[in-house]
Amino acid sequence: MHAPLLAPSILAGDHAHLASSAAVVESLGLSWIHLDIMDGHFVPNLTFGPQTVADLRKGSKLFFDVHLMLAEPQRYLEAFAKAGANLISIHIEPSIDHADTLRRIRALGCQCGLVLNPGTPAEAVRPLLAAVDLILVMTVQPGFGGQPFRDDMLPKIQQLATWRREQGLSFRLEVDGGIDLRTAGLCRAAGTDTFVAGTSFFKAPDKPAFLRAIAAL
Ligand code: DX5
Ligand code: ZN
C-alpha cells in the first residue's frame, strides 16, 4: 500500500484568491492539490474551468489532481490536459465509454482515475481496475464541501483494497468528502492511501501538525 498522501481541496479555499490557496499548500511541502470541476448538471453546483487551472499552473509545481464532476467529461479532456492537469478523474455514473475515455486521458500524458458516488457499488468499476492509476471513493454526495463523512462507505473501500491486493494492482485508493483526522484514520484502516481534505485542511489552525498527523496514519 502507498504511504499516506494528503491532497487539499482548493474548493474550500478563497475562490477570489485560488493562487494563494495553492501557494499555502505548496509552501507546506505538500506535493498534491485536488481541483474540483463542477458543471451544474452532474452535480448541482458550479466551480471553475480549464482557464483557471491553466492560470494556477503558471504559479505552481504541485501535482494537479483534477476531479471532473461533469455529465460529459469526454468533451473536456484536452482542455484540462493542456491546462496542466497531472491526473484526471472521471465519474463512473455517466453513460459514456469509460475505457476509451481513460485511454484518451493516458494518451494526453495524464494519469487517469475513476470516481464512485456513494450510491454506486464497487462492482461498477471492477472491470476497469487494471486501467486506472487511482480509484476515488466519494464519502459524501459530490457537489459541496463541508458535508459529514459517510461511514457506510468503509466496506466499499475495503472491497476495492481487497481486489487491488488480489489482482496485484497498485492504483491509489483516494477518499473525498468529510475527511478529517478521525475519518482519515477510519479510511486508512480500510485501505485508503490518498486523502482529499477541503474544510478540515483550510480551517486547521496548525496545518503542519495536520499534515504530520496524516503522514503518520
Ligand atoms: C465535493 C468535492 C470535494 C470537496 C470536499 O463534491 O469533490 O473535493 O472539496 O470538501 P470537504 O473536505 O470539506 O468535505
Ligand atoms: Zn473532489
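As the structure is a prediction and not an experimental result, all values here were calculated from the model. Ligands are counted one by one from 1 in listed order, and the atoms in each one are counted from 1 as well. Computation of the quantities below employed the complete heavy-atom set of this structure, encompassing side-chain atoms and omitting hydrogens, waters and symmetry-equivalent molecules.
Residue-level proximity to ligand 1 for P142 is carried by backbone and side chain together, each with a heavy atom below 4.0 angstrom. Under 4.0 Å from ligand 1, the heavy atoms of D36 that appear belong solely to its side chain.
Between T139 and R150, the side chains place no donor N or O within less than 3.5 Å of an acceptor N or O (distance only, hydrogens not considered). Using modelled atom types and a 3.5 Å distance limit, the side chains of D100 and H98 yield no donor-acceptor pair. A side-chain donor from one of T120 and E93 sits under 3.5 Å from a side-chain acceptor of the other. Side-chain polar atoms of D180 and T183 form a donor-acceptor pair below 3.5 angstrom.
Counting protein heavy atoms only, atom 13 (O) of ligand 1 is closest to T199 OG1, 2.4 Å. With respect to atom 10 (O) of ligand 1, the closest heavy atom belonging to the protein is G145 CA, 3.5 Å. Summary of contacts: the protein heavy atom closest to atom 5 (C) of ligand 1 is D176 OD1, 3.5 Å. With respect to atom 6 (O) of ligand 1, the closest heavy atom belonging to the protein is G143 N, 2.7 Å.
Using cut-offs of 30° and 60° on the angle between ring planes, the pair W32 and F63 is parallel.
Not a single heavy atom of F201 sits under 4.0 Å from any atom of ligand 1. Residue Q141 places no heavy atom under 4.0 Å from ligand 1. Put simply, part of G178 is less than 4.0 Å from ligand 1, judged by heavy atoms.
Across G146, G198, S9, heavy-atom proximity to atom 9 (O) of ligand 1 is greatest for S9.
A salt bridge between E123 and R126 is absent, with no side-chain N of the basic residue lying under 4.0 Å from a carboxylate O of the acidic one. A salt bridge links D193 with R164: the distance from a Lys NZ or Arg NE/NH1/NH2 to an Asp or Glu carboxylate oxygen falls below 4.0 Å.
Note on H67: its N/O/S atom closest to the Zn ion (ligand 2) is ND1. Summary: OD1 is the N/O/S atom of D36 found nearest to the Zn ion (ligand 2). Residue D176 approaches the Zn ion (ligand 2) most closely through its N/O/S atom OD2.
Side-chain atoms of S27 come within 3.5 Å of backbone atoms of V24 as a donor-acceptor pair (strictly under, hydrogens ignored). With hydrogens and angles ignored, the 3.5 Å screen pairs no side-chain donor or acceptor of K61 with any backbone N or O of E26.
Near G177, with a cut-off below 4.0 Å to any heavy atom, the atoms of ligand 1 are 14 (O). Of all atoms in ligand 1, numbered sequentially from 1 with element shown, those under 4.0 Å from a heavy atom of M69 are 6 (O), 7 (O). Within the listing of ligand 1, atoms 6 (O) sit less than 4.0 angstrom from a heavy atom of M38. Counting the atoms of ligand 1 from 1 in the order shown, those under 4.0 Å from a heavy atom of M138 are 7 (O).
Tracing side-chain contacts under 4.5 Å through hydrophobic residues (I, L, V, M, F, W, Y), one reaches V132 starting from L68; they form part of the same cluster.
Looking at L129 and L114, their side chains never come closer than 4.5 Å, going by heavy atoms from C-beta outward.
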